[in-house]
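Right, one structure below, let's go through it.
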Amino acid sequence: MANRFILDNIDWLVTVDKENQVIRNAALAIEAGKIVEISAAGTLAGGEVLDLRGKLVAPGLINCHTHLAMSLLRGWAEGVDLQGFLERVWAAEGAIMDAPTCELGTELGALEALLGGTTTTLDMYFNPESTHRAAVKAGLRHIAGPIFFDFPGLDGMEWSERISYAREWPAKLRDLGGAEVPLYLMPHSTYTDSPEHLRDVAQLAEEINASIHLHVSENLAENVDVKERYGKTPVEVLFDTGILTRHTVYGHGIHLNDHDLELTRGAGAAIAHCPGSNMKLGSGMINLARLEESGIQVGIGTDGCSSSNDLDMWQAMRMAAHVKAMTSSPAKVDAAKIFAAATVDAAKALGMEETIGSIEIGKRADLFAMDLRKPHLAPIHDIFALLVFAAGRGDVTDVWVDGDRVIQDGRSTRVDITDLLSRVEERVKVLEEMK
Ligand SMILES: [Zn+2]
């Protein structure tokens, strides 16, 4: 029995499976990184047994849109809208974001994510080999992918180099290792990638069977800009260039008209809803009820720390619920549905529902444990309301990714935090002069 262990005496097991079962006094057996048995407490044997009395176990959270390396720019662009943000952030990135710095920033971000119970991230950034190496080191299930801009960005790549680099991405990803993830190509947006270039990416995605992640209709100024250039909405540009498929995940997707919704739903594309970033930059508030009524799959994300200032999926869930109440009605807010948008629905949005997102036999063991013995978590009238509206990342004690215990009793088993923080402090010193 390869690497078998038992999580026993789990007070609350929140499975998020098809029946949304919540099991009291449960046990789980994990073998070779996979969930192999779900049973009553005290009934499983074989391998190391971990007693989780007083704790809740649930599927690891899935952050559907982020830029982990930008954790180095936390607090760098305050009091700005999206366009002001881009101006300020692109200048700072130009000053420091070489490949080793992308790796450093991602290590910081990956650790923050894991400590809060996030086990998978869809992470768009330059130098994906560097970012992926760092995230794999920290123990995260990390989806990186080649990034596409019309102009040579921080990595200095011309368009043709971007395409040939992306063609080699599947082999590079295999060499880098880490928990299994799908292939993704990540053109930044319709305002930084021309329709001709998006067509190139669409063709390549089909060739190598990759999904697509890009920013879409994040604020109104973006829509106006794209309309002026092409006479279309960003979603219409995606549709016309063939990049809109069921394997496409929009970052944001706030300002969508009825035609955009129809195209999105027709394609089966998904939306990564990032309420924290959207409200901080004044980008707008998504109408989640409208998206659900349209039948569009939605997962929750934090966006990068340069806009949302943290990678806290608990805050993101809570803000998503509040935004939903404000844009529709509190009667439409179902905490279980919000928690699903950070777990099983997020897995569906990313095309990973066969592998992760719920606690079911045969799925990979991406889990977190949370200590419930706290004043702010008592009493428990509704477990999903507790998770979405009362619990926080500080309550997470242990995290497993692919069956590996990457966080143990609130500490990383992979990364020396003191050393990491001193490397971060040293690297960002140069930004002082740019303030
Ligand atoms: Zn973003």
Side-chain angles (χ1 to χ4, degrees), residues 62-78 80-90 92-93 97 102 105-106 109-110 112-113 118 120-128 131 135 142-149 153-154 184-193 201 211-223 225-226 234-235 238 243 248-256 269-286 298-313 315-316 319-320 346 349-350:
I62 299 172
N63 188 340
C64 291
H65 177 68
T66 187
H67 314 282
L68 294 180
M70 295 176 91
S71 298
L72 293 179
L73 300 175
R74 197 192 310 273
W76 177 256
E78 298 304 307
V80 286
D81 65 5
L82 174 64
Q83 284 67 25
F85 163 86
L86 292 173
E87 196 178 307
R88 190 154 165 74
V89 164
W90 283 348
E93 286 180 322
M97 284 295 193
C102 291
T106 306
E112 178 187 347
T118 296
T120 297
T121 57
L122 182 58
D123 179 25
M124 177 195 286
Y125 208 63
F126 292 98
N127 299 305
T131 67
H142 181 248
I143 312 171
I147 189 159
F148 298 85
F149 280 92
L154 295 174
Y184 264 84
L185 300 180
M186 306 190 183
H188 178 267
S189 63
T190 53
Y191 59 94
T192 52
D193 294 70
V201 178
S211 300
I212 299 285
H213 183 42
L214 77 179
H215 296 94
V216 181
S217 289
E218 182 173 349
N219 77 1
L220 285 171
E222 171 192 335
N223 279 16
D225 177 20
V226 171
V235 171
L238 301 184
I243 212 158
T248 306
V249 181
Y250 304 174
H252 310 292
I254 305 172
H255 301 286
L256 307 182
I271 292 178
H273 170 33
C274 307
S277 167
N278 297 162
M279 289 194 285
K280 184 151 186 277
L281 296 178
S283 299
M285 290 196 282
I286 233 172
V298 177
I300 292 175
T302 60
D303 209 352
C305 285
S306 45
S307 63
S308 69
N309 296 52
D310 68 22
L311 302 168
D312 188 340
M313 284 291 290
Q315 290 279 357
M319 285 189 272
L350 305 190

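In each ligand, atom 1 is the first atom listed, and ligand 1 is the first ligand listed. Residues: numbered from 1 along the sequence shown. Owing to the predicted nature of the structure, the values given are computational and were not obtained by experimental measurement.
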Has [X] got an N, O or S atom lying less than 2.8 Å from the Zn ion (ligand 1)?
X: His252; result: no
X: His215; result: yes
X: Asp303; result: yes

Donor-acceptor check, side chain of Asn63 to backbone of Thr302, threshold 3.5 angstrom: yes or no?
yes

For Asp312, what residues pass the salt bridge (Lys or Arg N to Asp or Glu O under 4.0 Å) criterion, not counting sequence neighbours?
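Asp312: salt bridge (Lys or Arg N to Asp or Glu O under 4.0 Å) contacts with Arg393.
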
Which word best sums up how the rings of His65 and His252 line up, parallel for under 30°, tilted for 30 to 60°, or perpendicular for over 60°?
perpendicular

Indicate the ring-plane relationship of Phe149 and Phe126, choosing parallel, tilted or perpendicular according to the 30° and 60° boundaries.
parallel

